[in-house]
Amino acid sequence: MKIMNMVQAVNDALDIMLAQDGKVLVFGEDVGVEGGVFRVTEGLQQKYGEDRVFDTPLAESGIVGTAVGMAVAGLRPVVEMQFSGFVYPAFNQIISHVARMRNRTRGRYSIPMVIRMPYGGFIRAIEHHSESMEALFVHIPGLKVVIPSTPYDAKGLLVAAIESDDPVIFMEPKRLYRAIKQEVPDGKFTIPLGKAKVLATGEHITVVSYGALVREVQKAMSLAKKTGISVELIDLRSIYPIDRETITRSVQKTGRFLSVTEGPRTAGVGAELMSIVNEDAFLSLEAPPTRLAGFDTVPPLAQGEHHYHHSPERIFYEIKKLVEY
Amino acid sequence: MKIMNMVQAVNDALDIMLAQDGKVLVFGEDVGVEGGVFRVTEGLQQKYGEDRVFDTPLAESGIVGTAVGMAVAGLRPVVEMQFSGFVYPAFNQIISHVARMRNRTRGRYSIPMVIRMPYGGFIRAIEHHSESMEALFVHIPGLKVVIPSTPYDAKGLLVAAIESDDPVIFMEPKRLYRAIKQEVPDGKFTIPLGKAKVLATGEHITVVSYGALVREVQKAMSLAKKTGISVELIDLRSIYPIDRETITRSVQKTGRFLSVTEGPRTAGVGAELMSIVNEDAFLSLEAPPTRLAGFDTVPPLAQGEHHYHHSPERIFYEIKKLVEY
Amino acid sequence: MSSSKTKSKTALLEEYGALSGKMLQILDYEGRVILAERLPKLSPEEMVTAYQNMLYARTADQMAVSYQRQGRMYTYPPNLGQEAIGVAVGSVMREDDWLVPAYRELSAWLAKGASMKDIFLYFGGHEDGSVLAGAKNMLPSAVPIASQLPHAAGIGYAMKYQGKKDIVFTFVGDGGTSQGDFHEALNFAGVWRAPVVFIIQNNQYAISHPRAHQTAAKSLAVKAEGYGIPGIQVDGNDYLAMVAAVKAAAEHARAGQGPVLIEAVTYRRGAHTTSDDPGRYRTEAEEQKWAERDPLKRLKGYLLAQQLWDETNEEPLISQYKKEIDQQFTEMENHPYDFKDIFIHHYTEIPDDLKQQMVAYEKFLNWKESQQ
Amino acid sequence: MSSSKTKSKTALLEEYGALSGKMLQILDYEGRVILAERLPKLSPEEMVTAYQNMLYARTADQMAVSYQRQGRMYTYPPNLGQEAIGVAVGSVMREDDWLVPAYRELSAWLAKGASMKDIFLYFGGHEDGSVLAGAKNMLPSAVPIASQLPHAAGIGYAMKYQGKKDIVFTFVGDGGTSQGDFHEALNFAGVWRAPVVFIIQNNQYAISHPRAHQTAAKSLAVKAEGYGIPGIQVDGNDYLAMVAAVKAAAEHARAGQGPVLIEAVTYRRGAHTTSDDPGRYRTEAEEQKWAERDPLKRLKGYLLAQQLWDETNEEPLISQYKKEIDQQFTEMENHPYDFKDIFIHHYTEIPDDLKQQMVAYEKFLNWKESQQ
Ligand SMILES: Cc1ncc(C[n+]2csc(CCOP(=O)(O)OP(=O)(O)O)c2C)c(N)n1
Ligand SMILES: Cc1ncc(C[n+]2csc(CCOP(=O)(O)OP(=O)(O)O)c2C)c(N)n1
Ligand SMILES: [Mg+2]
Ligand SMILES: [Mg+2]
C-alpha cells in the first residue's frame, strides 16, 4: 500500500492498465512529454512509448473522433480532455457516435473508451475551468458517467472504466487532485460501476453527493452531529447508471433526502435524484426531497467562487432546515 | 386572420420581423433558394435579398459562431439548425459563448440571437432526425428555451424570441409542422417568454407537457373523461425559464402531477418538473409526482418509433394509475 | 497498351498534385481514351465486372427510389450518377481494408459485402440495417456530416499501431469539407501519416447549396495543402481515372507514406434524398449537361469500342438484377421487429433503471391488450 | 528611403504568398535592414512610439507574472517575446476596427484601449475585467481555443452588411489552427469575402506541443489555400515586417477583397502560463536562440542605428511605466465585489427561479452571520 493523492492514483490506474493490455492507449493534449497539465500522465510516455501515450493536435473533436475509430478497430483508448470545459467541441462525436455506436450496430461495434476530464471548481481558475456539467452526459443514452471522491475510488473506478466495454465519461474533481492523501492498494483492483457507497450510516436524513463535495458534506456532518442530527451519507460514485436501490433503501429509513451537487440546478443531477426518491420512496417521505445544487449561473471567477461552492455551513443549513421541517 | 399550419406561422413570424427590423438576418443551411428543407423560410430570400436571408457553408459551429459575432456587432441573427440532431457541432459556441457573453461582459454585449431547430420524432425519419434533447439546453445557464405546440403559439413565441435581447433556443416540433391548422392573427403579436398556458382546467390531476405531445395529452384527456377523470393541462411553452407559479398553483389544487415529455428520462425536463412540484407543492401531494418521459435510449428508427412515442393510451394509463394511487 | 508505357502511380499524385490545377481524366465523355499513358492496368474481365457493378448499383438505386415512392421504404439518398467512384474504390479496396462511409456510396458498400437487404433494412427503419454482418471492416452510414472522417483517421492509426498493412477508405461530400471534423481528421491523419484515403464526392451540391458557395478555394483537392498531404482532383465520372487515382492513393497509404485526399468531381443526378426537389435550385440544362457525362455511359462507350461488351447483354442482366434485388427487398419487408431491441443494445449489460423502463412499458402493452 | 522605392502593399501578399515558401523579414536579428524595398513608411515618432509600446507591454507583462508569483493575482499567460505582433496590429488598427482576441495579445489589447486595470481584474478573478469599457469594439479574451475566430468572421459580415469600412483583427495560436473552428471561420470569411485579418501567433508551442507535431503542413500560412484567401508568413519578431504585412492585409480587407491569413513566426519566451514549466518540454539552447531574436532588441537595434533612441531614456521610462502599472494593480486590488453580480447579468431580466436562488443564498448568508 502506498499513500497517494488522486493524481497519483489515476496515474497508477493508467500505468497498470497500460502494462496489462497492449490495446490500451492514452492520448490527448499535453499528456506525453508534459505528463498532463495536472501531471496525471507523468512518466507514462517514457514507460510505454510514443505510440501508446501521445499528444495530439489541439482539437477535441479530433481526439474523441479518432478514438472512436481506434475503438472500432479493437483498441481501448483512454483520452484526456484537458478540462471538462473544453469537451464541447467533441460533443457531437460523443453524443452522435461514442454513445450510439453499440446500439446502432446492435452490438457489433462497442466503444470501450474512457474520456477522462478534470472538472469542478474552487481552484481559483480562469473562465471555463470550473464547470461541473456532468448532467449533460448523464442525460445522453449510451454513456456511463463516473466521478470519484477519493484516491482509492479514483484508482478502482478508473480501472473498472477502462475494462468496461461501454464508453465511460470519467470526471475527476480537480479540487481534490492533491487535497487528499490516502492508502491505496498496490496493483490492480476494481470498484464496480453503477454502485453507490454508503459512507456513513445515520438516522435522520439521507444525503447523496459525489466528487469534491463529499468532503464538504462530511464536514457539515460534524456540524450536524453537534446539534444531534445523524446523517446517512451516500457517495454516488457512478452518476449513470445511478444506484437507485441504495438511495431508496436509505430514504425509506430516514424519511428525508438532500442531494448536494455542484453543477447548475435546473435539470441537473439533483433533479434526477429527487425524482428517483419520489418514485421509489414517496410514502416514506417526511419532508420534501431537496437539492442543494449550484446556482443556475456560470461559475463565478476566483473572487466569487466561495459564494458558488457549497460550504460545510451551507450544507449544514440545508440539512437542519430539512430535519426541522 | 389566416388559417395556417406551423410552417406558415413560423414563416410569417420571420417575415414580419425581417420587414420590421433591418438588423434581423436569417441564415443557415438551405434556408435561401431552397426555402429550408421544411420550407419554413420559403420566399424570404426573394423578398429580403441574399444579404439578409442566406445559405452558409455546411458547418453548424460556423453558423452559430459567426452569428455570435453579428450579434455583438449589433445585428439580430435568427439561425436555423437543419435538425436539432445536428446542433452538436455548435455546442461549444452555444455553451461557451452564446450563453455567456452577456454575463461575462456584465451586460456590455448581449446576444440577441435565436437558434431555430426542428426537433422530435414520429416522422419516420432516418438516424439523428428524431431527438428531443431540450434538457441539454435547459441545463445551460444563460439560454432561454422555447417550444410551441400550435401555429398560433409558434408565431407569437418566435416574434417574442426574436425581440428578446437574450439568446433563445427555439425548438419546433416537426411532427406538427403540417399536422395542425389554426387561425392565426395577421401582423405582429407576441406571447411572453417564461409563461405557461393552462389549456384546460381540471380537478384530479395536473398534466404538464409541451410541443407535439400536448395534442396527445389532449387525446388522452378524452379517454380520461370517459372514466370520470378531470385533467388540468398546462402547456409549458417556455422550458426555460419555467413558469413555476402556474404549475404550483395547479398542483396545489389537484394534488397530483404528471409530466409528459419526449426526451430521455434521466436528468430530463420531467425530473426538473417533479423537483419543482416537490419544492413548491409538497404538502399538497396525494400521489408521487410522476414523469412520463422518453426511454433512456436513442429514439428507435421508423419501425420502432410507435413504441418510443407516447400514445394517448399510454398517457391515459399513467393518469389513471396516478388518480387511483 | 504495354505496361512499360504507363507511368508510375506515385508520380501521378505529383503530376496531378493539388496545386497543378489539373483534373485527371482518362476517358472523354464518349468513353474515348484521351490519356493512354495513365490507363490503369485492368484485365478485360475486371473492366466488365466494373461495368456490371455499376449497373447493379444503378439498378438497385433506382429500385430503392421507387420503393420509397410506393411508400414501402423511407427517405433514401440516391447514388445516381456517382457509381464510378464507389465501384473504383471497391475494385482497389481489399477484404481487410476498412470502409468508413458517409451515406451516399451504395456502390462502395456493395463492394465491401453489404447486401441490398442490409441497405433496405436501414432505409426501411430497422436498426438491424447497420449491422452489416457480411461486410468485413465496414462502418455503418454516418449521417452527421463529416463526423465519420475522424473515425477513419483513428482506424488508420490503429492499423499502423497494430502493424497491419490494411488501409482505410472514407467518403465525404463537397458540403462536408466545410465541417470542422473534416479539418481535424485530415490534420490528425497528416500528422500521424495514417494510411487513409479520403475521397470527396464533389457532386456539386450540398442539398441546394452549390459547390461554388461552399468554399472560396480553387478546388477541394487543394485543401490537402493545409495538412501537408497529397491531394488530387479526378473526374469522378471517369471510371478509369478513378481507378488510377485510387490505386495511386492506396499504394501511397499502404507504403506508409500517409493519407491522400482525392476530390472526385461528379454530379448527383438524382435528388438529394427522396424528400428533395432539385428543381428548386438547379436547371434542367445543367442536369442535361451532366447526363452527358454519365459514368456508365462513358465506361460502356469504352467497353463497346474495345468490343468487351455486347449491348444485348444489358436488358437480361438488368432483369436478373431486379429479381435479386426485389428478393432482398421482400426479405426486408418480412424482417421481424422486437421492441426489446430498443433497450438492450445500448450497454453490454442493461442498467437496472433502463430495464425498469422496459418492464414498465411491457406492462403497459399488456394492459393495453387487456383493454381490447 | 524614398517612398517611390517601396513596393505596393498588395503585391506583397503576392510576392510572399503562402505558396512562395518565403517568410517576410525586413530586419535581421541585430536590427539591420535586409529588405529596404519593403520598409513600411513610418515616421520617426511612429517608430519610437512602437518601441515604447513594446516596452510598456513587456514591463506590464513581467509585472503581471510577478504579482502572480506573489500570490496577488491568479494564472496569467505571458506575452514575453511576442510584443511586436500586437503592437504592429495596434499601429494599423483604427478606433472603429474590431479586435477579437485569444488570450495572449496584451500588446494589442492595450493598443485598443484596454487598461492594465482591466487586465489585472480579469486575471485577478473579477468578471468586471471583461467589460473593457475603454476599448471600443473589442471582445474579451476567448479561452476555448479558436472559438473566437467565427466571431471575427461574423463581425466581418456585419461590417459589410452595415456598409461600414471597419475591419476585424483576430488572433489565434499555432495550436489553435488545428481546431475545427479555425477551419470554419476561415472558410466562412473566404466565402463572404469578409474584411478580417486572421493573425496566427505561431509561437512554436501549444503548451508543450511543438508546432512540428501540430500539423504536417509546410507552414501555417499555407492553410490559406484551402479557403481561397491570401496567406503570408512573416517574422513576427520583426516589428517592421509585421507592420508591412498587417498594413497590406488591412488594405486588402478594407478594399473589400476579403480576408487575409498572417502567420507571425515568433516564440513564447515565457511559460505558457504562470502554472507551466517550459523546462519540461524545451531546451535552454532553444530558448537562448530565440532570445537572440527578441523583437525589442531588434527594433531597438534599428532605432539606435537610426539615432532615434537614446539608451539612457530606457531606465527612467521603465520606472515610470512601473509606477503607472502598479497604480492600476492597486486599483484592481481595491475593486469591490458584490455577490449579486453572480446572478443578475445572465439575462436582461433575472428569471424568477434564479432570483429565488439569489434570495435563498442571501438568507443563508444572513443566517450564517447570525450564528457568529
Ligand atoms: C452535421 C450535419 N448538419 C446538417 C445535416 C443535414 N444534411 C444532410 S445531407 C446535407 C448536405 C450534404 O452535402 P454533401 O456533403 O455535399 O453530400 P451529398 O449529400 O451531396 O452527398 C445536409 C446539410 C447533417 N446530416 N449533418
Ligand atoms: C478548446 C480548448 N482546448 C484546450 C484548451 C487548453 N489550452 C489552453 S491554451 C492551450 C494551448 C494553446 O496553444 P496555441 O494555440 O499555440 O496558443 P498559445 O498558448 O501558444 O498562445 C491549450 C491546449 C483550451 N483553452 N481550449
Ligand atoms: Mg454534395
Ligand atoms: Mg502557440
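Just so it is clear, the values below take in all heavy atoms, side chains as well, and ignore hydrogens, waters and symmetry mates. So you know, we letter chains A, B, ... as the sequences are listed, proteins then strands, and number each from 1. Bear in mind that the values here come from a model prediction, so they are computed numbers and not experimental data.
Heavy-atom distances place both the backbone and the side chain of C:V131 under 4.5 Å from chain A. Only the side chain of A:L25 comes within contact range of chain C, with at least one heavy atom under 4.5 Å from a heavy atom of that chain. Of the atoms belonging to C:A133, it is backbone heavy atoms, and not side-chain ones, that fall under 4.5 Å from chain A. The contact between C:N137 and chain A is made entirely by backbone atoms, counting heavy-atom distances below 4.5 Å. Heavy atoms closer than 4.5 Å to chain A are found in the side chain of C:Y122, but not in its backbone. For A:A67, no part sits under 4.5 Å from any heavy atom of chain C, backbone or side chain. With a 4.5 angstrom heavy-atom cutoff, C:I342 touches chain A only via backbone atoms. At a 4.5 Å heavy-atom cutoff, A:S110 makes no contact with chain C through either its backbone or its side chain. The part of A:N92 that comes within reach of chain C is its side chain, from C-beta onward, which places non-hydrogen atoms under 4.5 angstrom from that chain.
Within 6.0 Å of the CD atom in C:E331, the count of heavy atoms belonging to other residues, nucleotides or ligands exceeds 12. Atom CD of C:E349 sits in a sparse spot, with 12 or fewer heavy atoms from other residues, nucleotides or ligands closer than 6.0 Å.
Checked by atom type, the side-chain pair A:H97/C:S147 shows a donor-acceptor distance below 3.5 Å. No hydrogens or angles considered: a donor-acceptor pair under 3.5 Å links the side chains of A:D166 and C:T348.
In this structure, A:F54 has its ring center closer than 6.0 angstrom to the ring center of C:Y157.
In this structure, the separation between NE2 on C:H183 and OG on A:S61 is 11.5 Å, given to the nearest 0.5 Å. The distance from atom CZ of A:R104 to atom NE2 of C:H346, rounded to the nearest 0.5 Å, is 11.5 Å. Atom CD of C:E127 sits about 10.0 Å away from atom CZ of A:R100, to the nearest 0.5 Å. For the atom pair CZ of A:R102 and OH of C:Y347, the computed distance is 11.0 Å after rounding to the nearest 0.5 Å.
In terms of modelled atom types and a separation under 3.5 Å, the side chain of A:R108 and the main chain of C:L132 share a donor-acceptor contact.
For the pair C:Q162/A:L75, a side-chain contact is recorded, criterion being any heavy-atom separation below 4.5 Å from C-beta on.
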Between C:K160 and A:D51, is a side-chain contact (heavy atoms from CB on, under 4.5 Å) present by the stated rule, with each step listed?
-> CA-CA 9 Å; C:K160 258 186 106 158; A:D51 58 340; over 6 Å; no
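A tilted orientation is assigned to the rings of C:W98 and A:Y109, their planes being inclined by 30° to 60°.
Here the shortest heavy-atom pairing between C:E184 and A:G62 reads OE1-N, 2.6 Å. The shortest heavy-atom contact between C:A153 and A:T66 is CB-CG2, 3.9 Å. Of all non-hydrogen atoms in C:S130 and A:T105, the two that sit nearest each other are O-CG2, 3.7 Å. Across C:F188 and A:P57, no two heavy atoms sit closer than the pair CZ-O, 3.7 Å.
Put simply, of C:L139, C:V143, C:D128, the one with the most heavy-atom pairs under 4.5 Å next to chain A is C:L139. Contacts with chain C were tallied for A:V68, A:V64, A:I111; A:V68 has the most, counting heavy-atom pairs under 4.5 Å. Counting heavy-atom pairs closer than 4.5 Å to chain A, the top-ranked of the candidates C:V191, C:D341, C:V100 is C:D341.
Using a cutoff of 4.0 Å between basic side-chain nitrogens and carboxylate oxygens, C:D352 and A:R244 are not scored as salt-bridged.
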